[in-house]
Amino acid sequence: MELKLYDTLTREKRPFKPLDPANVRMYVCGPTVYDFAHIGNARPVIVFDVLFRLLRHLYGADHVTYVRNITDVDDKINARAAQEYPAMPLNEAIRQVTEKTDKQFHDDVAALGCLPPSIEPRATEHIAEMRELIERLVASGNAYVAEDNVLFSVPSMPDYGQLSKRPLDEMIAGARVEVAAYKKDPRDFVLWKPSKPGEPAWPSPAEIKAPGRPGWHIECSAMSMAELLQPFGGGLVCDDPQKNVFDIHGGGVDLVFPHHENEIAQSCCAFGAPRMANVWMHNGFLQVEGEKMSKSEGNFVTIHELLKDSSWPGAILRFQMLKTHYRQPIDWTRKGTDSAAIELGVFDIFTEGVRSRQTRAGKVPEDVLSALADDLNVPLAISVLHKLAEECRKSDDPWSQAAHDLRASCDFLGLDLSEVSYRKLYERQHGRIDESRVSDLINERSQARANKNWKESDRIRDELAAMGVVLHDTKDGTTWEIAR
RNA sequence: GGCCACGUGGCGGAGUGGUUACGCAGCGGUCUGCAAAACCGUUUACCCCGGUUCAAUUCCGGGCGUGGCCUCCA
């Protein structure tokens, strides 16, 4: 099976050829840990988790390295720390904020069924590599010092702007931001900047006396080097440009410019590499109820709220996210969550037996895998799952091959069905169903029906319906389930 | 203002130069005391205007709409 991925750089879907099939390497930009992650942050985490699973399937679990960083040095973190812990020394407050947010993030994404990446480097653990990279860029003439800042010189890189397709000279025209006076060129960006007193600070590179801290973009160049190049023979000590490229770099489409463009500039110029990564993948943006998500609009939806306050099982949120192809925009709505719950509830019904007692090996159908291999066409893969569910419905055997395959497919997609049954959803909202009360009422109703007392029979059925219980009268008696 | 995406039936959402996506909902039927479930059948599509083509929802151009980005972070 051939994996094809859409590459933002070339704007086309291409067959994926790993540099080394024994060491497939992927880097995805992770969160800045200063606040609860919102549902938009969840998208790349879920999307690239599916890709991670697929790569592990295709190349072997031990042959894929997935790096997702944690950004724990950033102005927003500083601001949040000062606001939340005004009495505390800033660095201590920052540690409080980052540790707390970091934990929340991991709890949230675990609930969404995401595997932990192979490595989750933290920016503050890689300051040394950032400094080394900056020194290199200064030495090579790609960066310069100005007022204790180190800036990347965009004109020093003729290819700058390829990823976002922004022509160098036209880029300034529409800019509406004031340009710092010390910049040689308005497009130059910061690699290192001086820290204000009390802020996190490290010894500066390039013989700058004042302590400082890294710019935003350099951390990803440094961490991808440290985790995806150096361990595989590349990095600063290696002059072979081919050793200084990894396979896949991912993130949200909002990162294409400037973040990824600048990462490319830093990495390629530092290592003399023709490319930073062979494939650039970007997930589409997300709106909430038709509106841009923003705190001022009051429609800022965090993963935590959905899981804890609204009691949605993570699998349902994950499924809702995966119902849309990763490059399409999503309008995240409550109605969409309800639909996802109904669909997954069906998968739960048909796999309930095989989840408690697997009687044979389930197999992820080729149709599912080939859909995923076609640039992660998860919606198409899900349509195959519906077909399996259809087979299950037609089968008399609760342990049919289709049921095993459906289970295997859900497992493959990271969809944990253990909490998604209609009953569990109902009980999360309305409290436990009193089963003995239900069976008492059913017995009473059966009596009434035996006596052809349809009025009483229907009254009891209505009473049960009010409890969320729906009856099925069959030849063998009456069964019940929770309303969908 | 510049650059870049996206626009499919009631809703969600794939895909394609000519043939049923799929799911949910709706409608009709079988079944049922009546229902429910199940099964069978079935309605409503490709933003607008041009162009290319034997043929466009699918390619090209323009328009409209929505969204993203426009650098040291709002």
Side-chain angles (χ1 to χ4, degrees), chain A residues 8 11 32 40 74-76 79 149-152 154 160-161 163-167 170-180 182-183 185-193 213-218 252-262 265 282 284-287 290-296 319-320 322-325 327-331 333 335-347 349 371 374 377-387 389-390 393-394 448-449 452-455 457-458 461-462 464-465 469-475 478-481 483-484:
Chain A
T8 306
R11 309 277 159 118
T32 300
D74 179 275
D75 287 345
K76 281 183 295 215
N149 294 272
V150 184
L151 291 120
F152 185 91
V154 169
Y160 186 85
L163 184 69
S164 55
K165 301 280 181 284
R166 285 166 198 247
E170 284 180 22
M171 218 176 305
I172 317 156
R176 46 173 199 211
V177 179
E178 276 184 57
V179 178
Y182 52 76
K183 282 190 182 180
D185 186 288
R187 298 161 300 182
D188 294 348
F189 58 90
V190 159
L191 300 173
W192 189 266
K193 54 190 169 185
R213 56 204 168 103
W216 173 31
H217 316 295
I218 193 71
V253 69
D254 55 321
L255 297 180
V256 172
F257 188 88
H259 186 52
H260 288 165
E261 201 73 79
N262 291 349
H282 295 96
F285 232 64
L286 179 148
Q287 286 179 274
E291 307 258 320
K292 178 177 176 163
M293 180 165 57
S294 71
K295 281 180 180 165
S296 56
F319 189 69
Q320 180 177 8
L322 291 176
K323 280 179 68 178
T324 303
H325 183 88
R327 282 191 281 117
Q328 292 291 107
I330 288 187
D331 186 12
T333 62
K335 197 178 167 190
T337 314
D338 289 336
S339 303
I342 288 171
E343 283 185 56
L344 263 197
V346 171
F347 295 167
I349 289 171
D374 185 10
N377 195 336
V378 185
L380 189 59
I382 289 173
S383 76
V384 179
L385 268 55
H386 283 298
K387 285 180 187 141
E390 186 64 23
R393 191 177 278 132
K394 287 184 168 151
R449 293 183 73 220
K452 297 206 189 314
N453 185 350
W454 308 128
K455 199 178 169 192
S457 159
D458 291 351
R461 188 168 61 198
D462 289 346
L464 283 161
V469 172
V470 175
L471 301 180
H472 308 309
D473 294 327
T474 70
K475 289 187 174 64
T478 299
T479 62
W480 63 280
E481 66 171 0
R484 299 183 182 184

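A note on names: the letters A, B, ... follow the listed sequences, proteins ahead of strands, and every chain is numbered from 1.
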Open item on the list: Please tell me if A:S339 has a side-chain N or O lying less than 4.0 Å from either OP1 or OP2 of B:C24.
Closed with: no

Open item on the list: Taking side-chain hydrogen bond (donor to acceptor under 3.5 Å, both in side chains) as the definition, give me every residue that meets it alongside A:S339, ordered by chain and number, with sequence neighbours left out.
Closed with: none

Open item on the list: Just so I know, are the side chains of A:L471 and A:L464 near enough to count as touching, which here means a heavy-atom distance under 4.5 Å?
Closed with: yes

Open item on the list: Are the side chains of A:R461 and A:T478 in contact, using a 4.5 Å heavy-atom criterion?
Closed with: no

Open item on the list: Are the side chains of A:W192 and A:I218 in contact, using a 4.5 Å heavy-atom criterion?
Closed with: no

Open item on the list: Restricting to ring-ring contact (aromatic ring centres under 6.0 Å, His included), what partner residues turn up for A:H282, sequence neighbours left out?
Closed with: A:H260

Open item on the list: What's A:H217 touching, base or sugar-phosphate or nothing? Going by heavy atoms closer than 4.0 Å.
Closed with: nothing

Task: Inter-nucleotide P distance (B:G9, B:G41), Å rounded - done: 25 Å

Task: B:A36 to B:U58 separation - C1' atoms, rounded to the nearest Å - done: 43 Å

Open item on the list: What's A:N149 touching, base or sugar-phosphate or nothing? Going by heavy atoms closer than 4.0 Å.
Closed with: nothing

Open item on the list: Any base atoms under 4.0 Å from A:E390, or only sugar-phosphate, or nothing? Heavy atoms, all strands.
Closed with: sugar-phosphate

Task: Minimum side-chain heavy-atom gap A:F257-A:L163 below 4.5 Å - done: no

Open item on the list: From CZ of A:F257 over to P of B:C73, roughly how many Å is that when rounded to an integer?
Closed with: 15 Å

Task: Between B:G62 and B:C69 - C1' atom distance, rounded Å - done: 24 Å

Open item on the list: Side chain of A:H386, heavy atoms from C-beta onward: which of B:C24, B:U71, B:G23 has the nearest atom to it?
Closed with: B:G23

Task: Euclidean distance, atom NE2 of residue A:H260 to atom P of B:U71 [Å, nearest integer] - done: 17 Å

TODO: Using the P atom on both, measure B:U57 against B:C49 and round to a whole Å.
DONE: 11 Å

Open item on the list: From CG of A:D75 over to P of B:U71, roughly how many Å is that when rounded to an integer?
Closed with: 16 Å

- [ ] With RNA chain B as reference, determine whether A:T333 or A:W216 sits nearer its 5' end, using the nearest nucleotide of each.
- [x] A:T333

Task: Check: A:L151 main-chain N/O paired with A:N149 side-chain donor or acceptor under 3.5 Å - done: no

Open item on the list: Could you tell me if the side chain of A:R187 sits less than 4.5 Å from the side chain of A:F189, heavy atoms only?
Closed with: no

Open item on the list: Treating A:E343 as the side-chain partner and A:Q320 as the backbone partner, does any N or O pair qualify as donor plus acceptor under 3.5 Å?
Closed with: no

I'd like a table of atom pairs between the protein and nucleotides 4-10 of chain B - only N or O on both sides, under 3.5 Å - with the distance next to each one.
residue, atom, partner, partner atom, Å
B:C4, O3', A:R11, NH1, 2.9

Task: Spacing between A:L344 atom CG and B:C24 atom C1', to the nearest angstrom - done: 13 Å

Open item on the list: Once you measure the plane-to-plane angle for A:H217 and A:H259, does it fall in the parallel (<30°), tilted (30-60°) or perpendicular (>60°) bin?
Closed with: tilted

Open item on the list: When the P atoms of B:C34 and B:U42 are compared, how many Å lie between them, rounded to an integer?
Closed with: 26 Å

Task: Aromatic ring pairing A:F347/A:F319, orientation class (parallel under 30°, perpendicular over 60°, tilted between) - done: perpendicular

Open item on the list: Classify A:N377 by what it touches in the nucleic acid, base, sugar-phosphate, or nothing, heavy-atom distance under 4.0 Å.
Closed with: sugar-phosphate

Open item on the list: Could you check whether any side-chain N or O of A:Q287 sits under 3.5 Å from a backbone N or O of A:D331, counting only pairs where one atom can act as donor and the other as acceptor?
Closed with: no

Open item on the list: Measure CG/A:L322 against P/B:G23 and give the value in whole Å, please.
Closed with: 19 Å

Open item on the list: Within the structure provided, determine whether A:F152 and A:V154 are in side-chain contact (heavy-atom separation under 4.5 Å).
Closed with: yes

Open item on the list: Within the structure provided, determine whether A:D75 and A:R213 are in side-chain contact (heavy-atom separation under 4.5 Å).
Closed with: yes

- [ ] Report yes if a donor N or O on one partner sits less than 3.5 Å from an acceptor N or O on the other, where the partners are the side chain of A:D338 and the base of B:C24; otherwise report no.
- [x] no

Task: Nucleotide B:U16, atom C1' - distance to CG of A:D374 in whole Å - done: 13 Å

Open item on the list: In this structure, how many angstroms lie between the P atom of B:A21 and the NZ atom of A:K323, rounded?
Closed with: 18 Å

Task: Nearest-0.5 Å distance that lies between atom CD1 in A:I330 and atom NE2 in A:H325 - done: 11.0 Å

Task: For atom CD1 of A:I218 and atom C1' of B:C73, their distance in whole Å - done: 17 Å

Task: Base versus backbone protein contacts along nucleotides 27-37 of chain B [heavy-atom cut-off under 4.0 Å; B, S, -] - done: ------BBBBS

Open item on the list: What's the gap between B:C39 and B:C24 when it is taken at their P atoms, as a whole Å value?
Closed with: 10 Å

TODO: Rounded to whole angstrom, note down the P distance from B:G7 over to B:U44.
DONE: 23 Å

Task: Working for salt bridge (Lys or Arg N to Asp or Glu O under 4.0 Å), residues A:R393 and A:E390 - done: CA-CA 5 Å; A:R393 191 177 278 132; A:E390 186 64 23; 2.9 Å; yes

Task: Nucleotide-resolved protein contact map, nucleotides 61-68 of chain B, B/S/- at heavy-atom distance under 4.0 Å - done: -----SSS

Task: Stems where RNA chain B pairs, listed by first number, each of three or more Watson-Crick or G-U pairs under 3.5 Å - done: B:1-7 with B:64-70, B:10-12 with B:22-24, B:26-30 with B:38-42, B:47-51 with B:59-63

Open item on the list: I'd like the P distance from B:U16 over to B:G10, given in whole Å.
Closed with: 23 Å

